[in-house]
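Data block below; observations after.
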Amino acid sequence: MTLDRSAGLTDTARALADGEVSSRTLVEQALARIEATQGTLNAFRIVRTEAALAEAEAADRELATGVRRPLLGVPVAVKDDMDVAGEPTAFGCQGAHPPVTEDGEAVRRLRAAGAVIVGKTNTCELGQWPFTEGPAFGATRNPWSTEHTPGGSSGGSAAAVAAGLVPAALGSDGAGSVRIPASWTHLVGVKPQRGRISTWPRGESFQGITVNGTLARTVADAALLLDAASGNHEHDPHRPPAVDASAAVGRDPGRLRIALALKPPFTAVPARLHPEVRARVVELAEELARLGHTVEEADPPYGQIGLTFVPRATAGIAEWVAEAPFPALLDRRTHGAARLGRLLGGAPLRAARRAEAVLHRRIGRFFASYDVVLAPTTAAPPPRIGAMLHLKGFATDRAIIAACPYAWPWNVLGWPGVNVPAGFTADGLPVGAQLLGPAHSEPLLLSLAAQVEAERRWHEVWPREAVTDSPAL
């Protein structure tokens, strides 16, 4: 028996545990799909063909002896900012990077759950931009329209899942880098609480604003991958209390007070909400009201939160640049951001870190009146390939803020957020909305997302340009 690309993570794991299919077969299918689309979608930086097949055969031997683990034998992918033993971690950069010797903690936990890592997905240079393009690997394209970006910086993971190459993948989110590509590829994208999925060997990634998260077609699949990857290294500075994400998916969220927040947080340059994006998010708000929730327009008191984001983001880039093995090959914009990060890396960075507690209190009070915030994930549909690739530094920043002004505040706060598909533009481009909550609120957000999914059934809609099933696949 084989499974077609529509089988998600949960169904695939169940089929393996029930003996309906072998891991070897599933991994062969995934590798064939990757090969068939690499020339068009270009989702992967590294494909672990031989290693993945060997790991699949080992999984089959375990399954045959009655061993059961949550993802035993299931093929998944991870973003190329995560360490996989024996593979380089180029993080979107040019050069022949050396292989690393140990798995990062998130990858170690996926392996402990039994997952087979079929490859590492493309990301823009040091994860800085909401597009996945660069001289190191070319352009990763959106399965819904190959003329458009899948977003970034977890664009490779999003493209791989949206096209059905793998049932789910890990990404990372430092300013929306899971939620933005999820929005632009019609996926569920979970940015969990800071520390929920370890970023070790970095105790903090980008001064704590970047977390690892999950991309999948359904809420249940995103939750299952979240449970499998969650947990901490003994030296992690952030160790949130455990949650059972999968259990939350089947739970009634109850009647909630939902704030519809359409106004972009403060930015130094203008940001305008595209009318079609606004319409899709408002329609989702109306759906939530029909489900019995109280929905009203209200914006969190963000204030000047952007002033705390820039020092942390640019100082994080400076840290990566200082360790880069091929600094001469880095983008000029990367060097510009690193210079700013070095300037802001002293007193401004310390002030930005201290301000987080103030923001927690101020925005936390907003959740005395509301349970969840519903906001656009992006202000615009996905841009065309190349639209931002060759811009200069300030022009790139303006373009990013115009397209993606909504996601990054939750990175400063370190709190959970979930992108859910909200529909399409008239041109057939995906639009997303994010459900945002206070600290440790993943169970609530996932239960609400699952309730909406049961009504909208977004996972049943596939991109026309995704790889099609055939006997060879």
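Values below: all heavy atoms of this structure, side chains included; hydrogens, waters and symmetry mates excluded.
With hydrogens and angles disregarded, a donor-acceptor distance shorter than 3.5 Å links the side chain of Arg109 to the backbone of Asn232. Formation of a donor-acceptor pair under 3.5 Å by the Asp227 side chain with backbone atoms of Ala245 is found in this model. For Trp408 (side chain) and Gly176 (main-chain N/O), no donor-acceptor pair under 3.5 Å exists by modelled atom type. Between the side chain of Gln434 and the main chain of Val418, no donor-acceptor pair closer than 3.5 Å is present. A donor-acceptor pair under 3.5 Å links the side-chain atoms of Asn212 to the main chain of Ser198, judged by distance alone. Checked by atom type and distance alone, the side chain of Gln193 never pairs as donor or acceptor with a backbone atom of Pro240 at under 3.5 Å.
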side-chain contact (heavy atoms from CB on, under 4.5 Å) assessment of Arg179 paired with Leu436: CA-CA 11 Å; Arg179 290 163 289 156; Leu436 304 169; 4.1 Å; yes
Worked verdict on Leu224 versus Leu71 for side-chain contact (heavy atoms from CB on, under 4.5 Å): CA-CA 9 Å; Leu224 176 58; Leu71 297 180; 3.8 Å; yes
Stepwise side-chain contact (heavy atoms from CB on, under 4.5 Å) check, Val166 with Val161: CA-CA 5 Å; Val166 289; Val161 176; 4.1 Å; yes
Derivation of the side-chain contact (heavy atoms from CB on, under 4.5 Å) call for Leu262 and Val282: CA-CA 9 Å; Leu262 298 174; Val282 169; 4.3 Å; yes
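Partner of Val420 under the side chain to side chain contact (heavy atoms under 4.5 Å, CB included) criterion, chosen from Leu284, Leu448, Leu445, Thr377: Leu284. When each of Leu389, Ile385, Thr185 is tested with Thr149 by the rule side chain to side chain contact (heavy atoms under 4.5 Å, CB included), just one qualifies, namely Ile385. Applying the salt bridge (Lys or Arg N to Asp or Glu O under 4.0 Å) test between Glu204 and each of Arg194, Arg312, Arg353 identifies Arg353 as the sole match.
Taking the six-membered ring where the residue is Trp, the centroids of Trp415 and His360 are separated by under 6.0 Å. Between Phe424 and His186, the ring center distance clears the sub-6.0 Å criterion.
One side chain, Thr89 or Asp83, offers a donor N or O that lies under 3.5 Å from an acceptor on the other. Under 3.5 Å, the side chains of Glu356 and Thr308 contain no donor-acceptor pair of N or O atoms. For the 3.5 Å distance criterion, the side chains of Ser6 and Asp4 qualify, holding a donor opposite an acceptor.
For Glu102, the CD atom counts as loosely surrounded, since its 6.0 Å shell holds 12 or fewer non-hydrogen atoms of other residues, nucleotides or ligands. For Glu287, the CD atom counts as densely surrounded, since its 6.0 Å shell holds more than 12 non-hydrogen atoms of other residues, nucleotides or ligands.
Taking the centre and axis of the six-membered ring of Trp129, the NZ or CZ atom of Arg333 falls inside the cone set by 45° and 6.0 Å.
For the pair Val178 and Thr214, the minimum side-chain heavy-atom distance is 4.5 Å or more. A heavy-atom distance below 4.5 Å is not found between the side chains of Leu260 and Leu288. Side-chain atoms of Arg332 and Lys392, non-hydrogen and from C-beta on, do get closer than 4.5 Å to each other. A heavy-atom distance below 4.5 Å is not found between the side chains of Leu170 and Val76. Between Trp184 and Asn419, the closest side-chain pair of non-hydrogen atoms is not below 4.5 Å.
Residue pairs meeting the side chain to side chain donor-acceptor pair (under 3.5 Å) criterion with at least one member in residues 315-325, sequence neighbours excluded: Arg202-Glu323, Gln207-Glu319. Contacts classified as side chain to side chain donor-acceptor pair (under 3.5 Å) and involving residues 153-166 (residues at least two apart or in different chains) are given here: Lys79-Ser153, Lys79-Ser154, Thr121-Ser157, Ser153-Ser177. Applying the ring pair (Phe, Tyr, Trp, His ring centres under 6.0 Å) test to residues at least two apart or on different chains, none of the pairs has a partner in residues 29-52.
Checked for salt-bridge contact, Arg108 and Asp103 miss the test: no charged N lies under 4.0 Å from a carboxylate O. Taking a cutoff of 4.0 Å between a charged side-chain nitrogen and a carboxylate oxygen, Glu87 and Arg48 qualify as a salt bridge.
Scanning both residues, Thr140 and Asn42, for their nearest heavy atoms gives OG1-O, 2.6 Å.
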